[in-house]
Amino acid sequence: MKELNFDSGVVSYSLNGKCEVSFNPADRAFAERFYNAVDEMGNLQDSYAKKAEELGSPAEAFSLAKQRDEEMQKVLDGLFDTPVCAAVFGDVSLCAFANGFPVWLNLMLAILDEIEANIGDIQKQADPRIAKYKAKYQKYAARYHK
C-alpha cells in the first residue's frame with residue numbers, strides 16, 4: 001500500500017517534562033474546545049468557592065475542594081483526550097496558586113501562547129474572554145498573596 005504523508009499541523013508538547021500532548025495550535029476546533037474548557041474550569045472554581053464560604057468545618061471544605069479538583073481534572077483531561085492531570089499535577093490541587101494564578105490557569109495560558117502564535121482572527125474574538133479570567137485571578141492573587 002502506498003502511503004501519503006502530509007503536514008497536519010499537529011504538534012507534540014511536553015508538559016513540564018511529565019507527559020506529552022499533541023494538538024494543532026492553529027485548529028479552530030481545538031481552540032473552541034480550549035476556550036470552552038477555560039470557561040468551564042473558571043465556572044467550576046467560582047461555584048465551588050461560593051459553596052466553600054457556606055461550609056462550617058475545614059473537613060467539609062477539603063472534601064469540597066477534592067470534588068472540585070476531580071471535576072476540573074475531567075475537563076482538562078477531556079481537552080486532550082488523555083489523562084494528563086495525574087502526570088502533570090500529581091497531588092497538587094489544580095486551584096493551588098503559582099506565580100499569581102491557579103496552576104490550571106498557568107497551563108491554559110501556556111497553551112494560549114501557542115494558539116496566539118498560530119491563530120490571528122480567532123484570538124481577536126477570544127481576547128476579551130481570557131482577559132476576564134486573567135483580571136479575576138490577578139485580583140485573587142493580590143488578596144491572598146500579600
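Since this is a predicted model, take the numbers as computed values, not measurements.
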Spatial distance of atom CZ (F62) from atom CG (L55) [nearest 0.5 Å]: 11.5 Å
Distance, nearest 0.5 Å, that separates CD of E3 from CG of N5: 4.5 Å
Nearest non-hydrogen partners of M108 and L76, listed with the distance: SD-CD1, 3.9 Å
Backbone of G9 reached by a side-chain donor or acceptor of D7 within 3.5 Å: yes
Stepwise side-chain contact (heavy atoms from CB on, under 4.5 Å) check, D113 with E116: CA-CA 5 Å; D113 288 344; E116 283 180 346; 3.9 Å; yes
Verdict with supporting geometry, Y48 and Q67, side-chain contact (heavy atoms from CB on, under 4.5 Å): CA-CA 9 Å; Y48 277 97; Q67 182 182 355; 3.3 Å; yes
L109: partners by side chain to side chain contact (heavy atoms under 4.5 Å, CB included), with sequence neighbours left out: F101, L105, L112, I130, K134
Test side-chain contact (heavy atoms from CB on, under 4.5 Å) applied to E20 and S14, step by step: CA-CA 4 Å; E20 185 178 292; S14 172; 5.7 Å; no
Check: D77 side chain, V84 main-chain N or O, donor-acceptor pair, under 3.5 Å: yes
Inter-residue atom distance I115.CD1 - F34.CZ, 0.5 Å rounding: 4.5 Å
Chi angles and distances behind the side-chain contact (heavy atoms from CB on, under 4.5 Å) call for F89, L107: CA-CA 10 Å; F89 299 108; L107 171 59; 4.1 Å; yes
Listed partners of A117 passing side chain to side chain contact (heavy atoms under 4.5 Å, CB included), at least two apart: none
Non-hydrogen atoms of K51 and L64 that approach each other most closely: CB-CD2, 3.6 Å
Non-hydrogen atoms of F30 and I111 that approach each other most closely: CE2-CG2, 4.1 Å
CZ on F80 to CG on L15, rounded to 0.5 Å: 6.0 Å
Separation of N118 CG from N24 CG (nearest 0.5 Å): 7.5 Å
Nearest heavy-atom neighbours spanning P102 and L94: CB-O, 3.8 Å
Donor + acceptor pair across side chains of S47, R68 (<3.5 Å): no
Heavy-atom side-chain proximity of V75 to E71 below 4.5 angstrom: no
Between CG on residue L44 and NZ on residue K74, distance to nearest 0.5 Å: 10.5 Å
Modelled atom types, side-chain donor and acceptor of Q45 and W104, under 3.5 Å: yes
Side chain N106, main chain A98, donor-acceptor under 3.5 Å: yes
Y13: side chain to side chain contact (heavy atoms under 4.5 Å, CB included) partners, not counting sequence neighbours: V11, V21, F23, P25, E114
Minimum-distance pair of heavy atoms, taken over all atoms of M72 and M41: CE-O, 3.5 Å
Exercise: identify the closest heavy-atom pair between S22 and V10: CB-CG1, 3.8 Å
